[in-house]
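Worksheet: one structure, shown below.
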Amino acid sequence: MTAAVSVQNATKTFGMFTALNDVSLDIEAGEFIVLLGPSGCGKTTLLSILGGFLSPTNGRISIGGREMTHVQPANRPTTTMFQDYALFPHMKLRDNVGFGLRMRGMAKAARDEKALGFLDLVGLRAAAEKKPHELSGGQRQRVALARALAVDPDVLLLDEPLGALDLKLRRQMQDELKAIQKRVGTTFVHVTHDQEEAMAIADRIVVMNQGRIEDIGAPADIYMRPRSLFSAGFMGEVNFIPGRVADVDPVSAQIETALGTMTLARSAFTAGAPFAGQAVTLCIRPEHFRRAGNGTAELVTLGSAQMTGQAFFGTHYRCHLRPQGAPDLSIIAHMPQSAHVSEGEAVTLAVHAGDVVVLPSATKDA
Amino acid sequence: MLRNVLISTASWVYATLIFGFIFLPVAVLVLFSFQDGRLPVPPFNGFSTQWYTAVFADRKLMAALLNSFVVALFSSLIACLLGFLAAYALARHKLPGSALQRGLLIAPMTVSYLIIALGLLTVLNAFGIPLSLSTVGIGHVVINLPLCFAIIYSSMGDHHVNIERAARDLGASDIKVMVLVTAPMLMPSILAAFFLSVTFSWDEFIIAFLLSRFDVTLPVEIWSLLRSGLNPKTNAIGSLVFQVSVAVLMLLEFTLFRKTGKS
Ligand SMILES: Nc1ncnc2c1ncn2[C@@H]1O[C@H](COP(=O)(O)OP(=O)(O)OP(=O)(O)O)[C@@H](O)[C@H]1O
Ligand SMILES: [Mg+2]
C-alpha cells in the first residue's frame, strides 16, 4: 500500500525556538524522499509531525488525501523506523515483527506466518527465535524495517536508520533499502545528514536548513543545478566566486568577476531571473574545471592560476589554485590522474558554460 | 614482596573478622537450634532435631509463618504495582510539581517504622478500622512503596521512550504499551523491588506488632515465645526464617542480577 503525503505551511515552535519554519512539501505515492540537512535543521521534527508524535504549531498534514494534522500515531497509515531502532528487547524477532499485527487483532498463527515472511524479506528468517540483543547493528536495523513494514503502512518514515552502521555496511544497506522500497511500493520518507546516502537512494531530495526547505529535486538536479548556496555547498565541494551582473539580455547575462567577465545563458540562474547590478555568486564544482585550449566550444576561460598544492585521491588529483586575478581567492579543482602539474606552475582555468550555476549572493539573513 | 604478603594477609584477616562479626550470631543461632537439651546456651550438648519437630508441631507458629508469607506476598505485590504506576507517571508525563511528588513518595523511607506504625494506629482508630493482618499489610505497603518506587523509577531510562513510542506507533493503546512493553522491559528491576520488599516485610516486627491483634506474623509470634524465656524452639524457627531469606536472596542473585549484568 502506498499514499501521497502533503504538508502545507507546517511550522513548529518550541518555546521561542522555531524548529520548523513554514514548510510545504508534496510527496507522491510510492516516492522515495530523503530529507537531508545538517544536525538540528528540523528533519526529525518534520518526520515526527508526519508520524503524529508532534503536532505542528501551524499548518496542515494530509496523507492519502485524508486530513491527519491531529490524528494519533496509532491511527495514521504511517509507521516510523526510529534512529535507535527501538526494538522490544524482551521479545523474539518474530514477536517484534508481529507486534503491529497483534495490535490489529490478528490471530497468532496468521501473524507468525506473516512475520516470518517479512523476516524473510530482510534475510533474517533463520533468526526468528532470537532476541534483539543477540543481533548486530545491521541486523537490528533490518528487524526494525521488517517490523515497520509488517503492518502494511502507506508511508514509512525512517529517521537516520543507517546512522549507526559503519560505512561499508551502510552502503550495502542503502542498496537493500532501495530494493525493498521498489518491491513493496510504499512511500518512504528517509532522514539523513549524509549527502552521498541521499543521492544513492532518493527519488527526490529535500535539502533542509534551519527549519526551512532550501531545495527540492532529483539527486542530479540538486547536485548540478542547486537553487540555493546552502544546497550547493551541502551536496559536495564547490567553489564560490563572487560577481556582479553587468548586463542582461533575453537569452544571456554578462557577469563581472575577479576572474574576468563572462557571458552565461539565462538557464545558469537557477534561483530566478538576473537583473543588472545584482550581486551574485558563481558556483563551480571542482570536477567541472577543464584545461583551456582543448578546442571544444562553450568553454569559458577564467584566467590563469597558480598551483599552490595538490593531493592524489586515486580517481583524481585535488588541487589548490590561486587565481592571478584574485590572489585572495583559493580555488579547488580536480585534475585527471594523467595530469602532471607541479606546484608553482601556472595553468589556465576553464569551465563549460553549462556547468556554471549562478545564485544571488547571500543576503543578511541567510 | 614481603609487603605484598603482609597486605594480603591483613586483608584476609580483616575480611574474616568482618564476616565473623556479621555471621557469628547467625551461626550460633543455627547451631543451637540443633541443641540437644532444654537451654539454647553453651555448652553444645549434642545434635538433635527435636526443636524443629516441635516447631512444625506448633500450630500457632505454623499459622504465624503462613500469615507472614501472605502479608509479605500481598503487600509486596501492591507496593510494586503502586510503585510502578507512580514511576511510570513521573517518568513519562509532565506532572505538576513532579520533583515535589517524587520527594513525597520517597520521604517515608526516612521515617522510623515506629512513627509510621503509631501514625497508622491513630488513623485506623479514628476511622474505626479493626486491627488485622490487612492493617499489617497496609503498614508494609507504606514502608515498601518508597523502595519499590525508587528502584523502578531509576531504571526507567529515556532510551525506553522510543520503544514505547514504537509500540504506540504500531497501534498499541496506552494500557497495552504499559502491560506488553514497559512492564516486561523493566521486569528485572520490578522483580528486584518485589523480592527486596518481600524480605523486608517478612522480617518486620514493629509495625506487625502494633497493627495486628489476633492473627499475628512470625516475628510477633517469636517475640511472644521469647517472653516466656529462652527456648531452643525460637532458635529453630529463627533459623528457618533466616534460611527462607537466604533462599530468596540467592534466587535474586542467580536469576535477576545475573541477567541484568549481562544485558
Ligand atoms: N522537544 C524539544 N524542545 C525544544 N527544542 C527542541 C525539541 N525537539 C527539537 N528541538 C530543537 O529543534 C531543532 C531541530 O531538531 P531536530 O531533532 O528536528 O533536528 P534534526 O534535524 O533531526 O537533527 P539531527 O540530525 O541531529 O537528528 C534542534 O535545534 C533542537 O534543539
Ligand atoms: Mg534527528
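Since the model is a prediction, treat every value here as computed from it, not as a measurement. Below, chain A is the first sequence line, B the second, and so on; all start at residue 1.
Not one N or O on the side chain of B/Asn162 forms a donor-acceptor pair closer than 3.5 Å with the backbone of A/Ala86. With hydrogens and angles ignored, the 3.5 Å screen pairs a side-chain donor or acceptor of A/His90 with a backbone N or O of B/Leu180.
More than 12 heavy atoms of other residues, nucleotides or ligands shown are found within 6.0 angstrom of NZ on A/Lys178. More than 12 non-hydrogen atoms from other residues, nucleotides or ligands lie less than 6.0 angstrom from CZ of A/Arg104. Within a 6.0 Å radius of CD in A/Gln172, more than 12 heavy atoms belonging to other residues, nucleotides or ligands are found. More than 12 heavy atoms of other residues, nucleotides or ligands shown are found within 6.0 angstrom of CD on A/Glu134. More than 12 heavy atoms of other residues, nucleotides or ligands lie within 6.0 Å of CG in A/Asp166, so this atom counts as buried by the packing criterion. Counting heavy atoms of neighbouring residues, nucleotides and ligands inside a 6.0 Å radius, atom CZ of B/Phe205 exceeds 12 of them. Few gaps surround CG on A/Leu167; more than 12 heavy atoms of other groups in view lie less than 6.0 Å from it.
When heavy atoms are compared at a cutoff of 4.5 Å, A/Arg102 approaches chain B solely by way of its side chain, counted from C-beta outward. Interface remark: A/Leu87 contributes backbone atoms only to the contact with chain B (heavy atom separation under 4.5 Å). At a 4.5 Å heavy-atom cutoff, A/Met81 makes no contact with chain B through either its backbone or its side chain.
In terms of heavy-atom pairs under 4.5 angstrom with chain A, the leader among B/Lys176, B/Met185, B/Glu164, B/Arg168 is B/Met185.
Between the CG atom of A/Leu101 and the CG atom of B/Leu170 there is a distance of 9.0 Å, given to the nearest 0.5 Å.
Between B/Asp169 and A/Gly51, the shortest heavy-atom distance links the atoms OD1-O, 4.5 Å. B/Ala166 and A/Phe88 get closest at one heavy-atom pair: C-CZ, 4.5 Å. The nearest pair of heavy atoms linking A/Ala74 to B/Gly171 is CB-CA, 3.7 Å.
Under a cutoff of 6.0 Å and an axis angle of 45°, B/Arg165 and A/Phe53 form a cation-pi pair.
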